[in-house]
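For reference, the structure discussed in these notes is given below.
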Amino acid sequence: MSDSVQQDNRITGDVFEGYGADEHTLSSYATLAGFFNLILAVFLLITKRTGRSLPERVETKDIALLGVATHKLSLLVAKDAVTMPLRAPFTELQEKQSPKNVEEKPRGKGLRKSVGELITCQFCLGTWLAAFFTYGLVLAPRVTRLIATIFTVVTVSDHLHQTYKALTKRA
């Protein structure tokens, strides 16, 4: 091992020593956090280079639209059977709960496992998707609102299906 690699390993060990978690897991979480912030930096750079300005504030109607769309898309990506191929490289199928939902657990080690944890957690994924929707609102507002509207309409439809199902069971 080169002196540089040994030095890096020693620094990593010193930073995470005593925390009680696997340092490979912590390193991969740090990598994901760094990547998330790199995407933010690229977004800010693109915004500046294209002459766009960041909004002073985001309108309430956009917050509601993007919030509902983020909710739906995070559930779709994290739990839906149709998105299993996206998760398969990072997860292991546990059981299919219904024709629509599956239960999976992250597999592998290091970054592969951390990505698996990210994409099977609708709450974790929601942060990333909310950021992407928000970046889209600044860079391509019409397209972003259109895409968000699709997922928001599906959410309303899902709730109507559930309401109908509940009402027919009562009758």
Side-chain angles (χ1 to χ4, degrees), residues 2-5 7-17 19 21-80 82-91 104 106-158:
S2 73
D3 290 339
S4 172
V5 172
Q7 178 68 19
D8 288 345
N9 286 341
R10 201 168 336 138
I11 291 170
T12 302
D14 291 346
V15 169
F16 297 134
E17 187 176 337
Y19 183 71
D22 176 24
E23 63 184 62
H24 294 296
T25 301
L26 292 174
S27 294
S28 61
Y29 288 158
T31 300
L32 285 175
F35 186 61
F36 183 87
N37 286 302
L38 175 64
I39 293 169
L40 171 61
V42 168
F43 159 72
L44 293 171
L45 184 64
I46 290 170
T47 302
K48 185 174 183 168
R49 291 237 169 124
T50 58
R52 289 180 172 88
S53 60
L54 295 174
E56 176 114 4
R57 64 183 52 92
V58 178
E59 292 184 40
T60 304
K61 64 183 182 180
D62 283 326
I63 292 171
L65 178 69
L66 299 185
V68 173
T70 296
H71 166 77
K72 181 60 183 175
L73 189 55
S74 65
L75 279 173
L76 178 76
V77 173
K79 301 289 183 193
D80 208 285
V82 76
T83 54
M84 287 169 60
L86 300 175
R87 296 185 305 274
F90 309 100
T91 62
E104 296 166 317
R107 67 176 161 141
K109 294 181 180 183
L111 192 57
R112 183 181 195 186
K113 183 176 182 182
S114 294
V115 170
E117 291 173 343
L118 172 67
I119 63 175
T120 57
C121 171
Q122 71 263 22
F123 302 104
C124 308
L125 197 53
T127 301
W128 288 68
L129 293 172
F132 295 149
F133 272 129
T134 304
Y135 304 158
L137 191 61
V138 172
L139 298 174
R142 293 177 77 175
V143 172
T144 301
R145 284 187 185 106
L146 178 66
I147 292 168
T149 297
I150 292 168
F151 290 107
T152 299
V153 169
V154 172
T155 303
V156 171
S157 174
D158 287 350

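No experiment lies behind these values; they were computed from the predicted model shown. Heavy-atom basis, side chains included; hydrogens, waters and symmetry copies ignored.
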Checklist entry - Should Leu66 and Val58 be marked as a side chain to side chain contact (heavy atoms under 4.5 Å, CB included) after you check the CA-CA gap, both sets of side-chain angles, and the distance that decides it? => result CA-CA 11 Å; Leu66 299 185; Val58 178; 5.6 Å; no
Item to check | Thr152 side chain vs Leu65 backbone, donor-acceptor pair below 3.5 Å | outcome: yes
Checklist entry - Residues in salt bridge (charged side-chain N to carboxylate O under 4.0 Å, His left out) with Glu56, at least two apart? => result none
Checklist entry - Would a 4.5 Å heavy-atom cut-off, applied to side chains only, mark Leu32 and Leu111 as touching? => result yes
Item to check | Spatial distance of atom CG (Leu73) from atom CD1 (Ile147) [nearest 0.5 Å] | outcome: 9.5 Å
Item to check | NZ on Lys61 to CD1 on Ile63, rounded to 0.5 Å | outcome: 12.0 Å
Checklist entry - Can you list the residues that meet the side-chain hydrogen bond (donor to acceptor under 3.5 Å, both in side chains) rule with Thr120, with sequence neighbours excluded? => result none
Next on the checklist: Holding to side-chain hydrogen bond (donor to acceptor under 3.5 Å, both in side chains), I want the full list of residues that pass it with Gln122, two or more places apart in sequence or in another chain.
Outcome noted: none
Item to check | Residue pairs involving residues 109-118 (criterion side-chain hydrogen bond (donor to acceptor under 3.5 Å, both in side chains); sequence neighbours excluded) | outcome: Ser28-Ser114, Tyr29-Glu117
Next on the checklist: Under the rule for salt bridge (charged side-chain N to carboxylate O under 4.0 Å, His left out), what residues qualify as partners of Lys72, not counting sequence neighbours?
Outcome noted: Asp158
Next on the checklist: Show every salt bridge (Lys or Arg N to Asp or Glu O under 4.0 Å) that has at least one partner inside residues 124-153, sequence neighbours left out.
Outcome noted: Asp62-Arg145
Checklist entry - According to the salt bridge (Lys or Arg N to Asp or Glu O under 4.0 Å) rule, which pairs have a member within residues 129-139, sequence neighbours left out? => result none
Item to check | ring-ring contact (aromatic ring centres under 6.0 Å, His included) against Phe151, all qualifying residues, sequence neighbours excluded | outcome: none
Checklist entry - Does Ser157 reach the main-chain N or O of Val153 with its side chain, forming a donor-acceptor pair under 3.5 Å? => result no
Checklist outcome for this item: The reported gap from OG1 in Thr47 to CG in Leu139 (rounded to nearest 0.5 angstrom) is 4.5 Å
Checklist entry - Can you name the side-chain hydrogen bond (donor to acceptor under 3.5 Å, both in side chains) partners of Thr60, sequence neighbours left out? => result none
Next on the checklist: List the residues meeting side-chain hydrogen bond (donor to acceptor under 3.5 Å, both in side chains) with Arg87, not counting sequence neighbours, and say none if there are none.
Outcome noted: Thr83, Glu104
Checklist entry - When you look at Leu76 and Val154, which way does the side chain to side chain contact (heavy atoms under 4.5 Å, CB included) test go after all the steps? => result CA-CA 11 Å; Leu76 178 76; Val154 172; over 6 Å; no
Item to check | Verdict with supporting geometry, Phe43 and Leu40, side chain to side chain contact (heavy atoms under 4.5 Å, CB included) | outcome: CA-CA 5 Å; Phe43 159 72; Leu40 171 61; 4.1 Å; yes
May I have the list of side-chain donor-acceptor pairs in residues 123-135 shorter than 3.5 Å, sequence neighbours left out?
unit_1: Thr134; atom_1: OG1; unit_2: Ala130; atom_2: O; d: 2.7

Checklist outcome for this item: Residues at least two apart in sequence or cross-chain that pass ring-ring contact (aromatic ring centres under 6.0 Å, His included) with Phe35, listed by chain then number, are none
